[in-house]
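A short write-up of the structure that comes next.
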Amino acid sequence: MLANKRILLIIGGGIAAYKALELIRRLQDGGARVTPVLTRAGAEFVTPLSVSALAGQRVFQHLFDLTDEAEMGHIELSRSADLIVVAPATADLMAKMAGGQADDLASTLLLATDTPVLMAPAMNVRMWEHPATRRNLATLQADGIARVGPNDGSMACGEFGPGRMAEPAEIVAAVAAALGDGPLKGRRIVVTSGPTHEPIDPVRYIANRSSGAQGTAIARALAALGAEVIFVTGPASVPPPPGVTVVPVETALQMSAAVDAALPADAGVFAAAVADWRVKTASDRQLKKTRDGMPALEFAENPDILARISQLTEGRPALVVGFAAETDEVVAHATAKRARKGCDWIVANDVSPATGIMGGSENAIVLISAEGAEAWPRMGKDAVAQRLAERIAAALA
Ligand code: CTP
């Protein structure tokens with residue numbers, strides 16, 4: 001799977017560094033050649049000897065090691081790999097990467113490289129949730145840095161929550177995906193996301209509160225598994241993920257046409273909150289207040305993109321996934337919606353205010369398919385996306 005791939009593995013200073021030893025083994029089992037770099041803090045957790053013994057070659061540690069500079073400059077070291085993996089990516093390493101600092105070998109390599117980078121964050125849950133780390137994460141994502149984890153779980157520091165480094169097997173899968181070798185390699189998937197804006201006049205529109213967060217996370221997760229993703233997005237409040245083809249649209253009609261243009265595809269994931277109605281004839285001039293009172297707006301129904309694509313007799317994607325945001329009788333309503341629209345799966349969630357899901361970072365979904373309803377435990381929207389992407393990969397296999 002990873003035959004002859006060259007991986008530069010940067011091991012940061014966290015307790016999860018011990019898992020980097022197993023990671024080296026697993027990467028090698030897949031056929032990769034691993035060149036290890038150990039940060040100063042990383043060397044407090046694992047010894048250079050154990051790292052180099054496992055990797056079967058010397059471990060690079062210092063920026064101003066003249067022998068290294070003579071044999072292989074740090075610039076060359078950073079570029080001679082097919083992929084740079086940072087595991088564990090500590091809060092400090094992430095901050096250095098996001099800030100473009102270069103004050104040791106690891107950060108200098110990361111700044112000097114033009115090679116794709118995959119990071120496996122690992123830190124205390126408070127550090128992971130700190131606004132500074134959130135900012136750094138957003139910057140790194142926008143810079144195109146791929147990420148695996150962190151997972152939820154109990155941590156060495158005794159706390160519980162997101163912050164545990166992904167398991168070596170998950171990191172190996174993410175490495176394969178980052179190298180374009182994931183289970184969705186060669187698959188084309190259309191994803192709709194975000195709200196739509198339906199114009200009333202040149203300055204006013206009808207909209208909804210969708211942020212596009214879940215659709216964006218799904219597009220990112222599908223791309224990470226190697227899919228070619230056509231991301232048709234309304235005006236969302238989160239930036240689109242790197243590594244996908246972005247098709248920005250405003251209205252439901254534009255979204256519908258963009259989806260048609262993106263076909264054929266192996267799967268369609270319709271996560272957008274499409275306005276059901278548009279103003280029949282939007283004014284080309286700004287509507288003014290008149291003595292006659294409010295202007296009468298006449299509405300027309302928008303095309304139901306999900307239903308239309310689900311019911312195509314020719315060129316229907318093999319797997320069509322819709323969403324249902326419900327406030328009561330979630331399973332019953334979503335099951336009826338699946339039958340009505342003709343899609344294969346419905347990802348249903350309870351968005352009643354008490355759940356805190358709308359606008360929050362977590363989601364609790366029920367996956368409705370021909371086999372019935374499967375309730376997933378409450379988890380982060382990224383984790384939902386990851387799991388859904390894996391299910392899609394399994395369904396298309
Ligand atoms: N959808 C779509 N095009 C539309 C409306 C909805 O593709 N014009 C898709 C959404 O992207 C989502 C699914 O249909 O995947 C369900 O959307 P929802 O608004 O819950 O469905 P409605 O048909 O509007 O059902 P309801 O009666 O609950 O409003």
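Atoms within a ligand are numbered from 1 in the order they appear, just like the ligands themselves.
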for atom 17 (O) of ligand 1, nearest protein heavy atom and its distance come out as Phe323 O, 3.8 Å

Atom 15 (O) of ligand 1: closest protein heavy atom, distance to 0.1 Å, is Phe270 O, 2.6 Å

Closest to atom 9 (C) of ligand 1 by heavy-atom distance, out of Leu306, Asp276, Ile309, is Leu306

Within 4.0 Å of some non-hydrogen atom of Arg340, the atoms of ligand 1 are 25 (O), 27 (O)

min-distance protein heavy atom vs atom 3 (N) of ligand 1 -> Ile305 N, 3.0 Å

inquiry  = What I want to find out is whether Lys5 reaches Asp82 closely enough, with some N-O distance under 4.0 Å, to be called a salt bridge.
reply    = no

| query | Where the side chain of Thr192 meets the backbone of Ala271, is there a donor-acceptor pair that is under 3.5 Å apart? | reply | yes

Quick note on ligand 1: atoms under 4.0 Å from a heavy atom of Lys341 include exactly 6 (C), 13 (C), 14 (O), 16 (C), 21 (O), 22 (P), 23 (O)

When distances are taken from atom 4 (C) of ligand 1, the protein heavy atom at minimum range is Val274 CB, 3.5 Å

Margin query: If hydrophobic clusters are built from ILVMFWY residues whose side chains come within less than 4.5 Å, do Val175 and Ile11 share one?
Written below: yes

Quiz prompt | Check ion pair Lys96-Asp92 (N to O, under 4.0 angstrom) | solution = yes

Looking only at non-hydrogen atoms, the one of His333, Met255, Lys337 nearest atom 28 (O) of ligand 1 is Lys337

Here the atoms of ligand 1 under 4.0 Å from any heavy atom belonging to Pro303 are 3 (N), 4 (C), 8 (N)

Near Gly322 (heavy-atom distance under 4.0 Å), the atoms of ligand 1 are 15 (O)

Per side-chain contact (heavy atoms from CB on, under 4.5 Å), Val117 is matched among Ile84, Leu8, Ile10 by Ile84

If you define the side chain from C-beta out and look only at heavy atoms, does anything of Pro295 sit under 4.5 Å from Lys288? no

Between the CD1 atom in Ile24 and the CG atom in Leu9, the distance rounded to the nearest 0.5 Å is 5.5 Å

Exercise for review: Please check if a non-hydrogen protein atom sits closer than 4.0 Å to atom 11 (O) of ligand 1.
Suggested key: yes

* Hey, are Arg316 and Asp344 close enough for a salt bridge, meaning a charged N less than 4.0 Å from a carboxylate O? -> yes

If we number the atoms of ligand 1 from 1 as shown, the ones under 4.0 Å from a heavy atom of Ala272 are 10 (C), 11 (O)

